[in-house]
2 protein chains.
Amino acid sequence: MRDPLALLPGYALRRAANATAAQLAARLGTIGLKQSGVSVLLLVEANPAVTASALGRQLDIQRANMVPLLKRLEDAGLIARKPIDGKSQGLMLTPPGREMIARARAIIDLFEAELLARVPAQHRDHLLPALDALWR
Amino acid sequence: MRDPLALLPGYALRRAANATAAQLAARLGTIGLKQSGVSVLLLVEANPAVTASALGRQLDIQRANMVPLLKRLEDAGLIARKPIDGKSQGLMLTPPGREMIARARAIIDLFEAELLARVPAQHRDHLLPALDALWR
DNA sequence: TAGCGATTGTTGTTGATCATAGCAATCTCA
DNA sequence: TGAGATTGCTATGATCAACAACAATCGCTA
């Protein structure tokens, strides 16, 4: 079947993102996490006592949509909230959260390595800079 | 804010795809189309009398989800169905469909050109081959 | 220091997207 | 001719993100 979409970088970007996201989601599912949850955990680890609002801004997730996301992580005992002042609350990793993040990192590191391995060597080093230019 | 996600190609892929998809969606919205609809129109144009099932396979869209997609294009008068045999029906572009696809192509061509222009020259030619390797 | 605008966390709702299961009609091929 | 595969479709549920609204609180400034 003739496919005029094959030549469009924008289309390839869509398909590549979908395909890889599905694979990563499947692997993270084995430890009960999703990409959004892992993103939050990684950012909380790197920035102790961040607020939900700041996380949302960094991840481009609406404040309102952070609520169920954080609630699930909190219910799972992975993060804890600590009041900063009367209206803000800082997020911290719990000890189980630290264990979980170690497992998640192992999955992600393997995944990213395999992802890069699929790219022919002569294109490999250009991927990240090119993608960054598209959204930063 | 420290961002450990910045080094991950998989994350950059996600963000780049989201950002560019949102921009393209906004532009296609001005002529009343979505990416999925344009994909269908382009494939129907390149493959007259394709079936809905074949389109779904090519685009990785479930048969069931093709129904509302095609219905909207048909209600808008952009495509028409012609029975092939008792159970299959071939899809064709109508004259208004051909006009619409010309406008869509103008938008897409401009969009793809701008997208590539954002990528630094030394990385530009590596983008499509690298992305193709990730999902084909 | 009193007040006003901005910020935070939250609720509730909506729309879009996608997966799944099932079904009747039809085709294909042995 | 009969069995299995295919096609188009209905119906349903899950998930996700956008949006509007709200009370409480913060921070700056007049």
Side-chain angles (χ1 to χ4, degrees), chain A residues 1 14-15 17-26 28-29 32-40 43-44 47 49-76 79-92 135, chain B residues 1 14-15 17-26 28-29 32-40 43-44 47 49-76 79-92 135:
Chain A
M1 168 167 194
R14 242 172 82 103
R15 296 299 298 260
N18 282 350
T20 57
Q23 292 175 15
L24 179 56
L28 289 177
L33 286 179
K34 289 184 272 194
Q35 286 126 330
S36 54
V38 176
S39 305
V40 167
L43 281 182
V44 170
N47 305 274
V50 274
T51 65
S53 295
L55 277 185
R57 276 188 297 270
Q58 185 72 20
L59 296 171
D60 274 319
I61 298 176
Q62 308 278 329
R63 241 175 23 259
N65 295 328
M66 293 294 299
V67 177
L69 209 181
L70 294 177
K71 175 163 173 35
R72 276 190 328 203
L73 295 176
E74 190 182 18
D75 288 350
I79 60 174
R81 315 168 117 111
K82 184 172 69 171
I84 294 181
D85 54 31
K87 72 173 175 182
S88 297
Q89 38 190 297
L91 300 171
M92 310 278 296
W135 73 278
Chain B
M1 167 166 194
R14 241 172 83 102
R15 295 299 297 261
N18 282 351
T20 58
Q23 291 175 18
L24 179 57
L28 289 177
L33 286 179
K34 290 184 271 194
Q35 287 127 330
S36 54
V38 176
S39 305
V40 167
L43 282 181
V44 170
N47 305 274
V50 274
T51 65
S53 294
L55 277 186
R57 277 189 295 270
Q58 184 71 20
L59 294 171
D60 274 320
I61 298 177
Q62 308 278 331
R63 237 172 31 255
N65 295 328
M66 293 294 299
V67 178
L69 208 181
L70 293 178
K71 176 164 172 35
R72 276 189 329 200
L73 295 176
E74 191 183 17
D75 288 350
I79 61 173
R81 315 169 117 110
K82 184 172 70 169
I84 293 180
D85 55 31
K87 73 174 173 181
S88 296
Q89 39 190 298
L91 300 170
M92 312 277 296
W135 72 278

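So that the names make sense, note that chain A is the first sequence line, chain B the second, and so on, each numbered from 1. Source: prediction; values computed, not measured. These numbers come from the heavy atoms of this one structure, side chains and all, not from hydrogens, waters or symmetry mates.
A distance of 8.5 Å separates CG in A:L69 from CD1 in A:I79, rounded to the nearest 0.5 Å. Separating the CD atom in A:Q35 from the CG atom in A:L28 is a distance of 6.0 Å, to the nearest 0.5 Å. In this structure, the separation between CG on B:D60 and CG on B:N65 is 12.0 Å, given to the nearest 0.5 Å. Taken to the nearest 0.5 Å, the CZ atom of B:R14 stands 10.5 Å off from the CG atom of A:N18. In this structure, CE in A:M1 is found 9.5 Å from CZ in B:R57, a value given to the nearest 0.5 Å.
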Close N/O contacts between protein and nucleotides 11-17 of chain C (under 3.5 Å):
| unit_1 | atom_1 | unit_2 | atom_2 | d |
| --- | --- | --- | --- | --- |
| C:dT17 | OP2 | B:K34 | NZ | 3.1 |

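Between B:R57 atom CZ and D:dG8 atom C1' the separation is 12 Å, expressed in whole Å. Rounded to whole angstrom, the span from the CG atom of A:D60 across to the C1' atom of D:dA18 amounts to 13 Å. In this entry the distance linking CZ of B:R15 with C1' of D:dA17 reads 14 Å, nearest Å. Atom CG of A:N18 and atom C1' of D:dC16 are 14 Å apart (whole Å). Atom CG of A:D85 and atom P of D:dC28 are 13 Å apart (whole Å). Between A:L70 atom CG and C:dT10 atom C1' there is a gap of 12 Å when expressed in whole angstrom units. Between the C1' atom of D:dT7 and the CD atom of B:Q89 lies a distance of 9 Å, rounded to the nearest Å. Per the geometry, CD1 belonging to B:I61 stands 9 Å off P belonging to C:dA19, to the nearest Å.
A 4.5 Å side-chain heavy-atom check between B:T51 and B:Q89 finds every atom pair outside the cut-off. Residues A:I61 and A:L55 form no side-chain contact, since every pair of their non-hydrogen atoms from C-beta on lies 4.5 Å or further apart.
Nearest-nucleotide positions on DNA chain C place A:A52 closer to the 5' end than the other of B:G86 and A:A52.
Closest non-hydrogen pair, B:A49 versus B:M92, comes out as N-SD, 3.6 Å.
Of the options A:L70, A:L73, A:L43, A:N47, a side-chain contact (heavy atoms from CB on, under 4.5 Å) to A:L91 is made by A:L70 and by none of the others.
The side chain of A:Q62 contributes no N or O atom lying less than 4.0 Å from OP1 or OP2 of D:dA17. Close to D:dT25, at under 4.0 Å from its OP1 or OP2, lies no side-chain N or O of A:S88.
Taking five base pairs at each end of the helix from C:dT1-D:dA30 to C:dA30-D:dT1 and finding the rotation axis that steps the C1' atoms of four pairs onto the next four gives two axes whose angle is 30°, to the nearest 10°.
For C:dT8, its base never sits under 3.5 Å from the side chain of A:K87 at any donor and acceptor pair.
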